[in-house]
Amino acid sequence: MATEKISLYNLADLKNTSDDALPNYLNSLKFKQSHFLTDVRLALGYSAFAIAAACFGWDYKFGFENTKYYTAAAVTVYALLNGFLTFWMSSVEKGTIYQGLTPSGERITIRTTTKKNDPTYYLTAVVENKTGEPQSIEVSKSFASWFDETGHFVVKPFQEFLASAVPAIGKRDPKKVKSVAQDMLGANPELLDAMLAGAGDEGSSTAAETAEKKGKRRKN
């Protein structure tokens, strides 16, 4: 369980906490994470910052008139870098929070999103096998499934959600895989009671029928 308590009404905090926990879990299962997308984003951001800092430095030291053409060029490059950074985040990363390889060599990409006023975690996992054929999985679940009423993150239900939803993850951690039937029963205890009661009634009925059949055989 996480030590930091967050607000259950803050979707950004709920998503960020869940997103941060996902790579830790997959890496613990011997997945090999790729940081390429993050490295490119950081390179673009730091490059833009370096240009802005250099522009300020030479303007401070040499004056605007002596460096105005360099400043104009720097502003153009800065705008291009920021434009490409925006494109990279919206069209290339597209909410990707994990990219890497499974222990068996499959390429996996996981993206997550939320919707306004909807406390639901939407997850898309794309798994490419060695032949390059992608398998896309889209699942969603309420944040309440792994955040308790006080706002603390509970690890096990979150890991069970991932292992049950994505076969490539469940293969590495089969003990965390839960079936649909288990989820239904866990969410509806009354259904479990009804099934047990039905099973008991059926068992009693079967026993009575068996005794009746035996009695008829003895009379014959």
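Keep in mind that what you see is a predicted model, and the values were worked out from it rather than measured. Hydrogens, waters and symmetry mates are skipped; everything else that's a heavy atom, side chains included, is used. Residue numbers run from 1 in the order of the sequence given.
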**Asked** Looking at side-chain heavy atoms only, is the closest gap between I6 and L14 below 4.5 Å?
**Response** yes
**Message:** Are the side chains of V126 and I108 in contact, using a 4.5 Å heavy-atom criterion?
**Reply:** no
**Request:** Specify the closest pair of heavy atoms between D148 and T150, including all atoms of both residues, with the distance to one decimal.
**Result:** OD1-OG1, 2.8 Å
**Asked** How far does CG of N66 sit from CH2 of W58, to the nearest 0.5 angstrom?
**Response** 13.0 Å
**Request:** With rounding to the nearest 0.5 Å, note down the distance linking CD in Q135 to CG in N129.
**Result:** 8.5 Å
**Request:** Apply side-chain contact (heavy atoms from CB on, under 4.5 Å) to P103 and list each qualifying residue two or more places apart in sequence or on a separate chain.
**Result:** K30, F31, R172
**Fill in**
salt bridge (Lys or Arg N to Asp or Glu O under 4.0 Å) filter on D59, not counting sequence neighbours, yields none
**Item:** Residues forming a salt bridge (Lys or Arg N to Asp or Glu O under 4.0 Å) with D19, sequence neighbours excluded
**Value:** K15
**Whether T102 side chain and E106 backbone form a donor-acceptor pair below 3.5 Å** = yes
**Item:** With E93 via salt bridge (Lys or Arg N to Asp or Glu O under 4.0 Å) - residues at least two apart
**Value:** R41
**Item:** I137 CD1 to L123 CG distance, which is reported to the nearest 0.5 Å
**Value:** 9.0 Å
**Message:** To the closest 0.5 Å, what do you measure between CD (E160) and CD1 (I169)?
**Reply:** 13.5 Å
**Short side-chain to backbone donor-acceptor contact, T96 and Y98, under 3.5 Å** = no
**Complete:** Shortest non-hydrogen pair, A163 vs D173, comes out as CB-O, 4.1 Å
**Fill in**
Output for pair (Q99 CD, L26 CG), nearest 0.5 Å, gives 12.5 Å
**Complete:** Smallest heavy-atom separation, K176 atom then S164 atom, equals O-OG, 3.6 Å
**Prompt:** Is there a donor in the side chain of Y122 and an acceptor in the side chain of D118, or the other way round, less than 3.5 Å apart?
**Reply:** yes
**Request:** For F158, check ring pair (Phe, Tyr, Trp, His ring centres under 6.0 Å) against everything at least two apart and list the hits.
**Result:** W146, F153
**Item:** Distance, nearest 0.5 Å, that separates OG1 of T120 from NZ of K115
**Value:** 8.5 Å
**Request:** Over all heavy atoms of both residues, which pair between N117 and P119 is shortest? Give the atoms and the distance, please.
**Result:** O-CD, 3.9 Å
**Request:** Mind checking salt bridge (Lys or Arg N to Asp or Glu O under 4.0 Å) for K68 and listing every partner two or more places apart, or none if nothing turns up?
**Result:** E65
